[in-house]
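All residue numbers in this chain count up from 1 along the given sequence.
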Amino acid sequence: MLALLWMRGEFRTRFINTSNEELTIQALKESYKESLKEQTDVWQKKYRDGELMIEKVMEFTNDISLQKKHIEEKHNYILQEATKQEENEKIKAEMTERIQRIRDELHHKREVALAIRKANKDRLKELQKSATLFKERLGLEIRKLRGEKLQFVFRCIDPKDLNQPYSCIISLNEQGDYEVTGCDPPLESITEFQEKVRETRNFSALLANLRKSFTALDSQVK
C-alpha cells in the first residue's frame, strides 16, 4: 500500500515537472517567435529605410549629374560666345583697318587726280598760248571740244587754197600724257609724233611736225 502511494506521488511529481517543462518550452517558443517577429520588423524597417536612402542617393547623384551637364553646357556656350565675340572683334578690326586703307587710297587717288587735272589745265593754257602764236604766224586755229580736247586746224598749207583746213585733235589722258587723234587727212607718222611729245614734252615741236607732215602730204597728192 505504501509502495503504491509512493508510486502515485512520484508519478504526480514527474507529471507536474513534465507539464512545467512543456509550459516553459512553449513559453520559450512564444518568446522566440515574438522576438523573431520584432527582429524581422526591425530589419524590414531598416531594409526599407536603406532602400529609401539608396533612392535618395540615386536621385542626388542624378541631380548632380544633370547640374554638372548643365554647367558644362553653359561653360561651352560661354566659350563659344566668347570665341564668336573675339572673332567679331577681329573681323571688326580687320574691316576697320581695310576701310581706313581704302579711304587712304581714295584720298591719295583724289589728290593725284586733282593734281593731274590742275596740271592738265595748266598745260591746256600753255597749249592755247602756243596756239595763239602759231595762229598769228602760221595761220593755226584752235577749237575747244568737249572733254577738254583741242582741235588744231592748220591753214596756209595748200598754195592754191590757203583756207583749206588740215586738222588734228590733241588731248591729255588721265596719266597726263598727250594723245593725238582724229587727223584729217590721216597721217601715218601720228604714233611716232605722239610718243615723241610724251617723251620730250615739247608741244611746239609736235605742232611743227604736224604742219610739216600735212605739207608733205599735200605735195604728194599733187
Spacing of Ile102 atom CD1 and Lys109 atom NZ [to the nearest 0.5 Å]: 9.5 Å

More than 12 heavy atoms of other groups within 6.0 Å of Glu105 CD: yes

Same apolar cluster (I L V M F W Y, side chains within < 4.5 Å links), Tyr166/Val153: no

Enclosure of Arg101 CZ (heavy-atom neighbours >12, cutoff 6.0 Å): yes

Whether Asp218 side chain and Phe214 backbone form a donor-acceptor pair below 3.5 Å: no

Verdict with reasoning, Lys92 to Thr96, per side chain to side chain contact (heavy atoms under 4.5 Å, CB included): CA-CA 6 Å; Lys92 182 179 179 181; Thr96 301; 4.2 Å; yes

Minimum-distance pair of heavy atoms, taken over all atoms of Lys144 and Leu150: CA-CD2, 3.8 Å

Heavy-atom pair with the smallest gap, counting every atom of Gln194 and Glu179: OE1-CA, 3.3 Å

Between OG1 on residue Thr181 and NZ on residue Lys149, distance to nearest 0.5 Å: 5.5 Å

Ile157 and Leu217: CA distance, side-chain angles, deciding distance, side chain to side chain contact (heavy atoms under 4.5 Å, CB included) verdict: CA-CA 10 Å; Ile157 290 178; Leu217 183 62; over 6 Å; no

Heavy atoms from other residues, nucleotides or ligands near CD of Glu199 exceed 12 (cutoff 6.0 Å): no

Donor on one side chain, acceptor on other, Gln80 and Asn76, under 3.5 Å: no

Note: Arg201-Asp177 ion pair, threshold 4.0 Å (strictly below): yes

Least distance between heavy atoms, Glu141 atom then Arg143 atom: OE2-NE, 3.2 Å

Heavy-atom closest contact (Ile190 atom, Cys183 atom, distance): CD1-SG, 3.4 Å

Gap between atom CD1 of Ile91 and atom CZ of Arg98 - 0.5 Å precision: 10.0 Å

Rounded distance (nearest 0.5 Å) linking atom SG of Cys168 with atom CG of Asp184: 8.5 Å

Val180 with Phe203, same ILVMFWY side-chain cluster at under 4.5 Å: yes

Side chain Arg155, main chain Leu162, donor-acceptor under 3.5 Å: no

Transitive ILVMFWY side-chain link Leu210 to Ile169, under 4.5 Å: no

Expected output: side-chain Arg211 to main-chain Leu206 donor-acceptor under 3.5 Å: no

Rounded distance [0.5 Å steps], CZ in Arg103 versus CD in Gln100: 6.0 Å

Contact summary for Leu207 and Phe152, nearest pair of heavy atoms: CD2-CD2, 3.8 Å

